[in-house]
2 protein chains.
Amino acid sequence: MVDIQNDAAERLHSQGGRMTAQRRLILSTLESLSGHPTAEQIYEQARLSDPRLNLSTVYRTLRWLSAEGLVSPQRFEGQQRQGRFDLGQAEAHHHFLCVSCGRVIEFSEPALEVIGAKWGRRLHVRVDGMTLVLRGLCEACRSAGVQATDGGHGEVVSTASMRVGSV
Amino acid sequence: MVDIQNDAAERLHSQGGRMTAQRRLILSTLESLSGHPTAEQIYEQARLSDPRLNLSTVYRTLRWLSAEGLVSPQRFEGQQRQGRFDLGQAEAHHHFLCVSCGRVIEFSEPALEVIGAKWGRRLHVRVDGMTLVLRGLCEACRSAGVQATDGGHGEVVSTASMRVGSV
DNA sequence: CACTTATTGCAAGTCATTTGCAGTAAGCAA
DNA sequence: TTGCTTACTGCAAATGACTTGCAATAAGTG
């Protein structure tokens, strides 16, 4: 459960899959990259270790990992077309997205469980998961004098990220 | 403010734009479609009134409307690549997404303002907006015996939607 | 009713992601 | 260790969702 490499290997095994060098590489790259990298970023990083790795292999692996629930794919609105991937359950955390630089900060908010459950009852639906996305300007962009300009759906100029624990 | 047609016309005017038949058609189609239609769905619906309408015009108009803050674009994760559009501010409401049929139910939850403000302070960022997406099974899919199967990121089989007021 | 130029339709182009296919290599069996 | 089966990979071509260039239209102005 804690070691993704082993977890993935076991899951593969149990469904007649094979643990290949590429999958191992993608997994460890995913572990080494903090933040929410895109498939392309994972590819470029992994390529440093093995230049023969192919982008479609990255996509295929990411897709399998998502289906297994080992990584959670995210799609933020705005100019960014690329999906982002992150180790762990989608439910485990929420995000702040800087509309100027694309930086993502994670946080967890237990109070949302209560809100989700409440709306599940009110709407007569079964709520299996939830994601809260906060949008705005990070400290760096704010002090750099950036202003949000487009009604809340910002153009991302560059990308960076950091991870912040639950408070 | 209340009449989108007029609001849009005024905004266009003030920036040297022109109110065309196409834009009027797209606007009224947007008003007639409840839920969160995709560009394609808006296009198909509008085409019923004027078959000569072009898809790129729909995209262009939707992009302008988004920039003006008159419609809010949404992107839900999962198999859906297409963006969805909705009249009104992104901030005004949140969504429940049925991972089985794609149905979207809106709701508003004032408590989230407080949570957003709290994290703005804690993370030292300026929060301009937020979106909460609840994922799960709607009543219809649940009673139809559908089970979520893929770790929370469902494949959408068909699309439908309804709107629910604030409670 | 001219006339300027924003806007449209159409076709071609992007970009992110997927897929068909033939060659490669896990993992099991002998 | 060697074979063997077939899952997996790399590569190239395809797809889906938009976006863009351009010449033809048509708002809104004088």
Side-chain angles (χ1 to χ4, degrees), chain A residues 5 8-27 36-44 46-47 49-67 71 73-85 102 153 155-156 159, chain B residues 5 8-27 36-44 46-47 49-68 71 73-85 153 155-156 159:
Chain A
Q5 298 276 348
E10 272 174 43
R11 283 162 188 264
L12 280 168
H13 233 242
S14 70
Q15 43 190 275
R18 296 169 186 177
M19 176 51 85
T20 64
Q22 293 76 333
R23 303 228 245 236
R24 245 187 305 269
L25 173 57
I26 292 167
L27 247 2
H36 295 62
T38 63
E40 197 84 33
Q41 290 171 328
I42 295 164
Y43 171 61
E44 288 304 340
R47 236 164 161 356
S49 299
D50 182 357
R52 311 185 320 170
L53 180 66
N54 192 277
L55 181 57
S56 57
T57 301
V58 174
Y59 274 111
R60 277 190 276 238
T61 301
L62 249 14
R63 194 141 44 102
W64 179 77
L65 288 169
S66 299
V71 311
Q74 298 285 329
R75 245 172 225 291
F76 301 106
E77 76 267 59
Q79 259 57 13
Q80 300 128 278
R81 311 173 193 316
Q82 299 176 77
R84 303 219 200 161
F85 301 83
H153 302 283
E155 174 147 9
V156 169
T159 318
Chain B
Q5 299 275 349
E10 273 175 41
R11 284 162 188 264
L12 279 167
H13 233 243
S14 69
Q15 42 189 277
R18 295 168 187 178
M19 177 50 86
T20 64
Q22 296 71 338
R23 304 230 244 236
R24 245 186 306 269
L25 173 56
I26 292 167
L27 247 2
H36 295 63
T38 63
E40 197 84 33
Q41 289 172 327
I42 295 164
Y43 171 63
E44 289 304 339
R47 235 164 163 359
S49 299
D50 182 357
R52 311 185 320 170
L53 179 65
N54 192 278
L55 182 57
S56 57
T57 301
V58 175
Y59 275 111
R60 277 191 277 237
T61 301
L62 249 14
R63 193 141 45 103
W64 179 77
L65 288 169
S66 300
E68 286 295 313
V71 310
Q74 298 284 329
R75 246 169 223 294
F76 300 107
E77 76 267 57
Q79 259 58 12
Q80 299 129 277
R81 312 174 194 314
Q82 298 176 79
R84 303 220 200 161
F85 301 85
H153 301 284
E155 174 147 9
V156 170
T159 318

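In the text below, chain A, chain B and the rest are named by the order of the sequence lines, each starting its count at 1. Note that these values count all heavy atoms, side chains included, but never hydrogens, waters or copies made by symmetry.
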Is the shortest side-chain N/O distance from A/Arg23 to OP1 or OP2 of D/dT9 below 4.0 Å?
yes

Identified side chain to side chain contact (heavy atoms under 4.5 Å, CB included) counterpart of A/Gln22 within the set A/Asp50, A/Val58, A/Leu53:
A/Leu53

When you measure from the side chain of A/Ser56, which nucleotide among D/dT20, D/dC18, D/dG10 comes out closest?
D/dG10

Relative orientation of the end axes in the helix from C/dC1-D/dG30 to C/dA30-D/dT1, expressed as an angle to the nearest 10° (five pairs per end):
30°

Heavy-atom donor-acceptor pair, A/Gln41 side chain to A/Thr38 backbone, under 3.5 Å
yes

Spacing of CD belonging to A/Gln74 relative to CZ belonging to A/Phe85, to within rounding of 0.5 Å:
10.0 Å

Once you round it to whole Å, what is the distance between C1' of D/dT15 and CD of B/Glu40?
13 Å

What is the distance from CG of A/Asp50 to C1' of D/dC8, rounded to the nearest Å?
14 Å

Grab the CZ-C1' distance between A/Arg63 and D/dT9 for me, whole Å please.
14 Å

Atom-pair distance (OH on B/Tyr59; P on D/dT20), nearest Å
13 Å

So where does chain A start and stop touching DNA chain C, 5' to 3', when the test is distance under 4.0 Å to a non-hydrogen atom?
C/dA16 to C/dC28

Could you tell me whether A/Arg60 contacts a base, only the sugar-phosphate backbone, or nothing, with contacts defined as non-hydrogen atoms closer than 4.0 Å?
base

On a heavy-atom basis, which atom in B/Ala39 and which in B/Leu55 lie closest, and how many Å separate them?
O-CD1, 4.3 Å

Would A/Arg23 and A/Ile26 count as a side chain to side chain contact (heavy atoms under 4.5 Å, CB included) here? Give the steps.
CA-CA 5 Å; A/Arg23 303 228 245 236; A/Ile26 292 167; 5.8 Å; no

In whole Å, what is the span from the CZ atom of B/Arg75 to the P atom of D/dA17?
10 Å

Nearest atoms (heavy-atom pairs only) where B/Ser14 meets B/Arg11
OG-O, 2.9 Å

Is the closest side-chain donor-acceptor distance between B/Tyr43 and B/Arg47 under 3.5 Å?
yes

Nucleic acid contacts - residues 13-22 of chain A versus DNA chain C, non-hydrogen atoms under 4.0 Å:
A/His13, A/Arg18, A/Met19

Rounded distance (Å) that lies between atom C1' of D/dC18 and atom CD of A/Gln82
15 Å

For D/dC11, take OP1 and OP2 only and decide whether either is under 4.0 Å from a side-chain N or O of A/Asn54.
yes

Minimal heavy-atom distance between B/Leu25 and B/Ala46, with the atoms involved, is CD2-O, 3.6 Å

What's the spacing between A/Leu62 CG and A/Thr57 OG1 if we round to 0.5 Å?
11.5 Å

Ignoring hydrogens and angles, tell me if any N or O in the side chain of B/Arg75 forms a donor-acceptor pair with the backbone of B/Arg81 under 3.5 Å.
yes

Which is true for B/Leu53 with a 4.0 Å heavy-atom rule: it touches a base, it touches only sugar-phosphate, or it touches nothing?
sugar-phosphate

A/Ala8 and A/Trp64 have their tightest heavy-atom pair at O-CH2, 3.8 Å

Within this structure, what is the CG-to-C1' distance between B/Leu62 and D/dT19, rounded to whole angstrom?
13 Å

Looking at every heavy atom in both A/Met19 and A/Gln5, which two are closest together, and how far apart are they?
CE-O, 3.9 Å

